[in-house]
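Worksheet: the structure to be examined is printed underneath.
Letters A, B, ... mirror the listed sequences (proteins, then strands); counts begin at 1.
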Protein chains: 2
Amino acid sequence: MEKKEEGMNEEQVWKELDEETLFIVSQTFKALSDPTRIRILHLLFDKEYSVNQIADQLELRQSTVSHQLRFLKNLRLVKFRRDGTTIYYSQDDEHVMTMLNQTIKHALHH
Amino acid sequence: MEKKEEGMNEEQVWKELDEETLFIVSQTFKALSDPTRIRILHLLFDKEYSVNQIADQLELRQSTVSHQLRFLKNLRLVKFRRDGTTIYYSQDDEHVMTMLNQTIKHALHH
DNA sequence: CTAATATATGAATATATAATCATATATATA
DNA sequence: TATATATATGATTATATATTCATATATTAG
């Protein structure tokens, strides 16, 4: 029951995940672990929405939506375009959206 | 910019996720959002490990591992079998393990 | 039964996170 | 320039979470 540190000279060689990979992976899943962010991404599945449209549809405060969009934007899960004073957000990570969709389908079958 | 509450009689009918689905989905991703749980699940990808083996391999306290295994067990992401005083844990959700693996691969390509 | 070992659990604590309010910034228009 | 509208941001607060220590429980061997 000894630890494997530098040696790695035992029956199994286990590649531990490096810290950066671990960080990216955990952040990605963290984005999908909050009900509010899930609802926002789910809404953005089909088309773009402005911040206020999202707030209206999901009955959330404007600042709540804005904060969460910043989070999603930092992870590049959403992108935006400006039209006058209005900013439209849309999805920007196919892999993540696919995972979300799959998991929702999975969950819907009880 | 009006809300859609009971009516849903406008251009787009948006099926909001029900609370239970939202809960299941968020919990599933929450399981994968913590570095320690990711490392444990990643370790369990190939084969079963006892609690102490996990703690040794990942240099974690026994109680930390035990607490996290309880979390994963409650979500049925891992299962266990007893052999004497030793309890061996192994993966128990193919869908989740596949998502984890995909996302790790994704992250490894920076 | 006693000792040894493996695992689980409860309480405490430090940290992270989400929502909110108030306000700042940015753009467009009169 | 002044006003209106859309969005972003900083500070605060309440809550959730992960880890740790100490200890409890469970199994086996002697």
Side-chain angles (χ1 to χ4, degrees), chain A residues 1-3 17 19 22-44 48-75 77-90, chain B residues 1-3 17 19 22-44 48-75 77-90:
Chain A
M1 302 270 168
E2 66 277 72
K3 288 173 200 162
L17 296 169
E19 226 178 304
L22 212 49
F23 182 74
I24 297 173
V25 173
S26 62
Q27 284 294 109
T28 303
F29 286 119
K30 191 167 292 170
L32 300 171
S33 74
D34 176 72
T36 299
R37 286 192 293 268
I38 293 172
R39 292 172 74 210
I40 292 174
L41 287 172
H42 183 235
L43 186 64
L44 296 183
E48 65 179 15
Y49 284 81
S50 73
V51 177
N52 274 337
Q53 286 174 336
I54 295 171
D56 286 344
Q57 289 271 342
L58 303 183
E59 303 188 59
L60 297 166
R61 307 287 174 140
Q62 179 269 324
S63 64
T64 298
V65 174
S66 191
H67 280 301
Q68 297 295 6
L69 286 172
R70 178 166 58 171
F71 184 108
L72 296 171
K73 189 179 58 179
N74 287 340
L75 282 174
L77 302 190
V78 299
K79 62 181 188 295
F80 65 94
R81 71 178 179 88
R82 159 164 254 139
D83 180 15
T85 56
T86 303
I87 297 183
Y88 291 96
Y89 281 84
S90 56
Chain B
M1 302 269 170
E2 65 281 66
K3 288 174 197 159
L17 296 169
E19 225 178 305
L22 212 48
F23 181 74
I24 296 172
V25 172
S26 63
Q27 284 294 109
T28 303
F29 287 119
K30 189 165 293 168
L32 300 171
S33 73
D34 176 73
T36 300
R37 286 191 294 268
I38 292 173
R39 294 173 73 210
I40 292 173
L41 287 173
H42 183 236
L43 186 64
L44 296 183
E48 66 180 15
Y49 283 80
S50 72
V51 177
N52 274 338
Q53 286 175 336
I54 296 171
D56 285 344
Q57 289 271 342
L58 305 183
E59 303 188 58
L60 297 166
R61 308 286 174 140
Q62 179 269 324
S63 64
T64 297
V65 174
S66 191
H67 279 300
Q68 296 295 8
L69 285 171
R70 179 166 58 173
F71 184 109
L72 296 171
K73 189 178 59 179
N74 287 340
L75 282 174
L77 302 189
V78 299
K79 62 182 188 295
F80 64 93
R81 73 177 179 87
R82 160 165 253 139
D83 180 15
T85 56
T86 303
I87 297 183
Y88 291 96
Y89 281 84
S90 56

After noting the C-alpha distance and the side-chain angles of Val25(A) and Leu17(A), does the key distance pass the side chain to side chain contact (heavy atoms under 4.5 Å, CB included) rule? CA-CA 10 Å; Val25(A) 173; Leu17(A) 296 169; over 6 Å; no

Determine, stepwise, if the pair Arg70(A) / His67(A) fulfils side chain to side chain contact (heavy atoms under 4.5 Å, CB included). CA-CA 5 Å; Arg70(A) 178 166 58 171; His67(A) 280 301; 3.5 Å; yes

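Dashed line: the shortest gap from a side-chain N or O of Arg70(A) to OP1 or OP2 of dT9(D) is under 4.0 Å. Residue Arg61(B) places at least one side-chain N or O under 4.0 Å from the OP1 or OP2 atom of dC21(D). Phosphate proximity of dT7(C) to Asn52(B): present, with a side-chain N or O under 4.0 Å from OP1 or OP2. Phosphate proximity of dT17(C) to Arg37(A): absent, as no side-chain N or O sits under 4.0 Å from OP1 or OP2.
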Between the protein and nucleotides 11-13 of chain D, list every N/O to N/O distance that falls short of 3.5 Å.
none

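Using a 30° and 60° split on the angle between ring planes, Phe80(A) and Tyr89(A) fall in the tilted class, from 30° to 60°.
The interatomic distance linking Phe29(B) (CZ) with dA18(C) (P) rounds to 15 Å, in whole Å. Tyr88(B) has its OH atom 14 Å from the C1' atom of dT27(D), to the nearest Å. A straight line from CZ of Phe71(B) to C1' of dA18(D) spans 11 Å, rounded to a whole angstrom. Straight-line distance from the CG atom of Asn74(A) to the P atom of dT9(D): 9 Å, rounded to whole Å. When the P atom of dA6(C) is taken as reference, atom CG of Leu60(B) falls 17 Å away, rounded to whole Å. Spacing between atom NZ of Lys30(B) and atom P of dT17(C) amounts to 11 Å, rounded to whole angstrom units. Rounded to an integer number of Å, the gap from Arg39(A) CZ to dA18(C) P is 15 Å. Atom-to-atom, CD of Gln27(A) to C1' of dT17(C) comes out at 12 Å; the value is rounded to the nearest Å.
Contacts between residues 77-87 of chain A and DNA chain D, defined by a heavy-atom separation below 4.0 Å, involve Thr85(A), Thr86(A), Ile87(A), listed by number.
Proximity note for Ser66(B) (side chain, C-beta onward) versus dT19(D), dA8(D), dT7(C): the nearest is dT7(C). Nearest nucleotide to the side chain of Ser50(A), out of dT17(C), dT7(D), dA19(C): dT7(D). Taking only side-chain atoms of Thr64(B), from C-beta outward, the nucleotide of dT7(C), dA19(C), dT19(D) with the closest atom is dT19(D).
Taken from NZ in Lys73(B) to CD in Gln68(B), the straight-line distance is 13.0 Å, to the nearest 0.5 Å. Atom CZ of Arg39(A) and atom CG of Asp34(A) lie 10.0 Å apart (nearest 0.5 Å).
In this structure the side chain of Val78(A) reaches within 4.5 angstrom of the side chain of Leu41(A), judged on heavy atoms. Side chains of Leu44(A) and Ile54(A) form a contact here, defined as non-hydrogen atoms less than 4.5 Å apart. Inter-residue side-chain proximity for Leu60(A) and Thr36(A) is flagged as met; some heavy-atom pair is nearer than 4.5 Å.
In this structure dA8(C) sits in a base pair with dT23(D), meeting the Watson-Crick or G-U test at under 3.5 Å.
Between the side chain of Arg37(B) and the backbone N or O of Ala31(B) there is at least one donor-acceptor pair closer than 3.5 Å. With hydrogens and angles disregarded, no donor-acceptor distance shorter than 3.5 Å links the side chain of Ser66(A) to the backbone of Ser63(A).
Heavy atoms of Tyr89(B) sit under 4.0 angstrom from primed sugar atoms or phosphate atoms, though from no base atom.
Scanning atom types as modelled, one donor and one acceptor separated by under 3.5 angstrom connect the side chain of Gln62(B) and the base of dA8(C).
Comparing Ser63(B) and Asp34(A) along DNA chain C, the residue whose closest nucleotide (by nearest heavy atom) sits nearer the 5' end is Ser63(B).
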